[in-house]
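Below is one structure; the comments refer to it alone.
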Amino acid sequence: MIRLFDTAAQEVRELRPRDEGRISIYVCGPTVYDVPHLGHGRFTLVWDLFRRWLHFRGFDVRFVSNITDVDDKIIQRAEREQVSEAAVATKYEEVWWDSMGQLGVLRPTVAPRATEWIDTMVELVSTLLERDAAYVLDDGVYFDVSAAPDYGLLALQPLESLRAGARVDARSDKRSPLDFALWKFAKPGEPKWPTPFGDGRPGWHTECVVMSLGLLGEGFDLHCGGLDLAFPHHENERAQAVALGREFARHWAHNGFVMSDGEKMSKSLGNFTSLSDLLERTDPRAYRLLVMRSHYRSPLDVNVETVADAERALVRLDIFARRFDLPTLGGDEPVGPSTSWSEEVLTFVNETASLLDDDLNTPAALARLFEAVARTNTLADQGDDSAPEWARAINTLFGALGLGLRGEGEDLDDDSAELVRRRDDARGRRDWSEADRLRGELEQRGWIVEDSSQGTRIRRG
RNA sequence: GGCGGCGUGGCCGAGUGGUUAGGCAGGGGCCUGCAAAGCCCCGUACUCCGGUUCGAAUCCGGACGCCGCCUCCA
């Protein structure tokens with residue numbers, strides 16, 4: 001049984017799939033107007049972890065995540081750079097997938113672009129107009145939030161206080177300050193699609209409704225995103241579905257923010273670090289490990305110290321993988337459960353799994369895994385035959401979470417290999433000063449030298 | 001102003017009414033020709049003030065501090 005905090009219910013609830021054994025997930029993807037920042041990295045890692053975990057637990061997961069390729073910010077950027085909107089969108093979508101690849105985030109089952117769904121959006125707006133759930137003003141079509149009786153479900157506060165807090169809008173002719181644009185009429189030079197109610201482009205909240213319902217069907221299982229999307233974005237998506245009498249997401253889940261010096265990292269605050277900057281100077285797996293070390297709903301401080309901390313922990317895991325010659329798992333292929341574990345190992349796997357089943361408690365699961373690493377090293381030191389099986393189980397769980405441990409040795413050049421050979425030779429003769437001198441030479445070349453029962457082993461420092 | 005969340009050892013970060021979280025860093029030890037790696041031990045933490053309780057870091061109330069949402073935002 002998988003349990004997950006549901007934003008609408010404000011409690012951890014069992015995830016009850018619409019269809020037995022299958023889980024459909026929609027995650028709001030990026031607007032491709034700029035490079036992704038650490039916050040994008042976190043939400044994609046969090047939901048990738050969850051997706052992989054569901055797969056490991058035997059679910060058939062259909063995972064849809066969109067690309068918003070038509071938006072005010074794309075238009076602004078295109079104007080500023082004197083290029084087409086499509087050029088901006090294409091460029092940053094490429095950057096996006098490149099970063100996702102480096103992070104080891106699985107490709108969505110389907111990754112729809114908003115511009116591919118314009119017709120369906122136009123139909124939706126037309127229907128809302130017919131039902132009087134929407135109305136036309138001179139700059140666009142607006143949704144009337146009173147058409148969604150339980151509007152405010154995800155805002156987690158009374159409608160009245162939302163109205164009171166709503167920004168004073170230039171459009172005082174909206175029926176309610178909470179009403180939002182479904183369709184924006186094009187100004188000269190802006191991208192536009194023809195419709196009966198006026199040429200223009202969709203509002204942001206409309207695309208996700210039609211794409212989620214279109215690709216996952218009514219009553220799909222889970223809608224995810226960053227916490228800042230809960231209101232108004234997800235609220236507004238839901239309102240449209242409700243007004244149409246269509247069943248929307250059964251569960252809502254939101255991840256916490258990435259913080260920078262105690263403040264939310266965001267484009268508008270200008271305090272963001274781009275994902276590429278991090279990936280250039282760090283093993284991408286360190287970010288995944290860092291994300292796993294805090295609960296997905298908590299704020300996460302990503303800075304040089306916390307990243308370095310994660311990198312050091314990762315070194316230890318890689319050394320462990322090398323000791324047991326473990327294969328690297330969890331790349332493009334999600335990991336499934338193994339069937340042949342001893343009772344003892346199976347108990348450990350099940351206990352760790354139950355922590356992940358319960359609201360994706362990755363920090364607690366990691367604690368169990370690190371304990372098991374120490375235990376397995378001890379078993380191996382004692383020459384216990386069960387150590388390799390433990391090591392494989394640990395590797396499988398890390399792989400299931402998309403963290404591939406690297407057990408394979410690094411490529412070493414011929415000269416270094418020769419130094420290793422000569423050092424083993426010297427050690428065989430108990431010529432310690434020569435052995436130490438050769439170790440020094442290897443260290444000069446940036447290797448960390450370790451002795452093992454198989455002789456000299458070296459790894460990159 | 002309205003609403004919500006958080007405050008854990010040097011740092012990060014789970015958890016729970018009574019029993020070791022874990023990682024990183026630091027100290028000591030074992031092992032090792034010396035190192036490295038590994039293993040073991042250690043600091044005995046829970047913002048403050050009251051209250052409930054045999055017992056609270058964990059429940060309740062208050063104070064202080066921090067953060068978020070209410071506005072584009074992952």
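Chain identifiers are assigned alphabetically (A, B, ...) following the order of the sequence lines, protein sequences preceding nucleic acid strands; residue numbering begins at 1 within each chain. Quick caveat: nothing in here was measured; it's all calculated off a predicted structure.
Remark: K174(A) fails to qualify as a cation-pi partner of Y142(A) under the 6.0 Å distance and 45° angle criteria applied to the six-membered ring.
Residue W432(A) and nucleotide rG33(B) are classified as a stacked aromatic pair, their ring centres being separated by less than 5.5 Å at an interplanar angle below 30°.
Between rG23(B) and R316(A), a contact under 4.0 Å exists linking OP1 or OP2 to a side-chain N or O. For rA14(B), one of the phosphate oxygens OP1 or OP2 lies less than 4.0 angstrom from a side-chain nitrogen or oxygen of S298(A). A sub-4.0 Å separation between OP1 or OP2 of rA14(B) and a side-chain N or O of N361(A) is absent.
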**Asked** How would RNA chain B look in dot-bracket form, 5' to 3', counting Watson-Crick and G-U wobble pairs with both distances under 3.5 Å and writing | for bases paired to another strand?
**Response** (((((((..(((.....[...))).(((((.......)))))....(((((..]....))))))))))))....

**Message:** Is there a side chain to side chain contact (heavy atoms under 4.5 Å, CB included) between R201(A) and I118(A)? Walk through the geometry before answering.
**Reply:** CA-CA 8 Å; R201(A) 64 181 183 278; I118(A) 300 283; over 6 Å; no

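Positionally, the nearest nucleotide of RNA chain B for V373(A) lies more toward the 5' end than for the other of H37(A) and V373(A). Of the two residues contacting RNA chain B, namely P30(A) and H295(A), the nearest-nucleotide position lying further toward the 5' end is that of H295(A).
The side chain of A367(A) approaches rG22(B) more closely than any other nucleotide in the set rG22(B), rG33(B), rA74(B). Residue M259(A) places its side chain closer to rC67(B) than to any other of rC39(B), rA25(B), rC67(B). In this structure, of rA21(B), rU71(B), rA74(B), it is rU71(B) that holds the atom nearest to the side chain of P232(A).
No donor-acceptor pair under 3.5 Å is formed between the side chain of T456(A) and the backbone N or O of D451(A). Side chain of D221(A) to backbone of S24(A): a donor-acceptor contact under 3.5 angstrom is found.
Between the CZ atom of R323(A) and the P atom of rA37(B) there is a distance of 13 Å, rounded to whole Å.
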Using the 3.5 Å cut-off, write out each protein N or O paired with an N or O of nucleotides 40-46 of chain B and the distance between them.
none

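Between H295(A) and P363(A), the shortest heavy-atom contact is N-CG, 3.5 Å.
No engagement by R437(A) is indicated, since no non-hydrogen atom pair under 4.0 Å with the nucleic acid exists.
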